[in-house]
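Notes to accompany the following structure.
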Protein chains: 2
Amino acid sequence: MTAAALLNTIRANGLRVSTARRCVLDSLLAAEQPLTAEEIAGSGDIASVYRNLETLEEIGIVRHVHLGHGPGRYVLKMRSGGWATCDRCGRSTLLNPEALQRIRAVVMDTAGFDAGFGHFPIVGTCTDCTQA
Amino acid sequence: MTAAALLNTIRANGLRVSTARRCVLDSLLAAEQPLTAEEIAGSGDIASVYRNLETLEEIGIVRHVHLGHGPGRYVLKMRSGGWATCDRCGRSTLLNPEALQRIRAVVMDTAGFDAGFGHFPIVGTCTDCTQA
DNA sequence: ATACTTGCAAATGATTTGCCAGTGT
DNA sequence: ACACTGGCAAATCATTTGCAAGTAT
């Protein structure tokens, strides 16, 4: 999945590739971590950023996550997955696919829930912080 | 743990049992589910409710949870635990202790995280909604 | 008596909406 | 051209803070 493919998805949904829309995508493509709307907007118009994020989420390009307190954050869906956040150091990381699968299986088995941890993370204390 | 024991905890922490504080506790004692600050306040002063909830959380009586979008919710800690919320029907339930233990164990084993699901729930589709 | 608390108002932070001018197709 | 979008201002929702008056101990 490339940047060009994302633009095609936008057009395929009957939407336009506007400058503001591209800026949002470029921010997300350049980011290592999920970003807040404010971080994406920079000095630009934040209302447009929120509107575009909502639109991009509707067509399945963007994912909205809440990794802790504070504002919501946004990531490209292709770079998202199951999240884990440390309640001490605050770091958020993606669960590796095997770990996610095993956790999902137990949740399904014990609670009957088909869970993904793609919106709220697993919150707990990470190994580093537990040892410290 | 009784209602009277909660009042003792308040006094034991050098705090006063005021009318507003009692009202917050009474709301939480009467509730079946976590409540929003607005629900707790009713027609009363919501700023005092927020302040009291924060105080009660600090002394370990109350727990703050985010079960989905919308405002935060508050429960008595003695009635809280690991939460699961269905992303279709929106219902939130407490995980039974055995399920919670097994889930915590895999999370520790696969991701190295000591997680409790006491603040953010496990979000997924519940059995009823999956079948429907 | 003296802190701790309240209640009101106002401030703050995050997000949404109305509206009209601007622009991609 | 024509509908989709952007940008600005204002509204809304959740929560916090300042402060003078009230009250539990």
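Residue numbers begin at 1 in each chain, while the letters A, B, ... track the order of the sequences. None of the values given here were measured: they were computed from a predicted structure. Hydrogens, waters and symmetry mates play no part in the numbers below; they use all other heavy atoms, side chains included.
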Whole angstrom value for the distance that separates P of C:dA14 from NE2 of A:H64 = 12 Å

Whole angstrom value for the distance that separates P of D:dA1 from CZ of A:R16 = 15 Å

Could you tell me whether A:G44 contacts a base, only the sugar-phosphate backbone, or nothing, with contacts defined as non-hydrogen atoms closer than 4.0 Å?
-> nothing

On the 0 to 90° scale, with breaks at 30° and 60°, tag the A:F117-B:F117 ring pair as parallel, tilted or perpendicular.
-> tilted

In whole Å, what is the span from the CG atom of A:L53 to the P atom of C:dT16?
-> 10 Å

Can you find a side chain N or O atom of B:N52 that sits less than 4.0 Å from OP1 or OP2 on C:dT5?
-> no

Reckon A:G70 touches a base, only the sugar-phosphate, or nothing at all at heavy-atom distances under 4.0 Å?
-> nothing

D:dG6 phosphate, OP1 or OP2: any side-chain N/O from A:S18 under 4.0 angstrom?
-> yes

Hey, is B:D114 close enough to B:R104 for a salt bridge, meaning N to O under 4.0 Å?
-> yes

Just wondering, more than 12 heavy atoms not from B:E38 lying within 6.0 Å of its CD?
-> no

Tell me what B:R51 touches on the nucleic acid: a base, only sugar-phosphate, or nothing, going by heavy atoms under 4.0 Å.
-> base

Name the nucleic acid region contacted by B:A47, choosing base, sugar-phosphate or nothing; use a 4.0 angstrom heavy-atom cut-off, strictly under.
-> base

Whole Å only: how far is the CG atom of A:L56 from the C1' atom of D:dG6?
-> 14 Å

DNA chain D nearest-nucleotide lookup for A:S48 and B:R73: closer to the 5′ end is A:S48

Take atom CD1 of B:I46 and atom P of C:dT6, then tell me their distance rounded to the nearest Å.
-> 14 Å

Whole angstrom value for the distance that separates P of D:dA10 from CG of A:D45 | 14 Å

Identify which nucleotide among C:dC4, D:dT15, C:dG7 has an atom closest to any side-chain atom of B:R21, counting heavy atoms from C-beta outward.
-> C:dC4

If each of B:V17 and B:Y74 is mapped to the nucleotide of DNA chain D with the nearest heavy atom, which maps nearer the 5' terminus, i.e. the 5' end?
-> B:Y74

When you look at CZ of B:R22, are more than 12 heavy atoms from neighbouring residues, nucleotides or ligands closer to it than 6.0 Å?
-> no

Report the distance from atom NE2 of B:H69 to atom P of C:dA14, rounded to the nearest whole Å.
-> 15 Å

OP1 or OP2 of D:dT15 less than 4.0 angstrom from a side-chain nitrogen or oxygen of B:Y50, does that happen here?
-> yes

Length of the line joining A:I10:CD1 and D:dG6:P, which is rounded to integer Å | 10 Å

Can we say B:E39 and B:R73 salt-bridge, meaning some charged N sits less than 4.0 Å from an Asp/Glu carboxylate O?
-> yes

Does B:R11 have a side-chain nitrogen or oxygen under 4.0 Å from the phosphate oxygens OP1 or OP2 of D:dT25?
-> yes

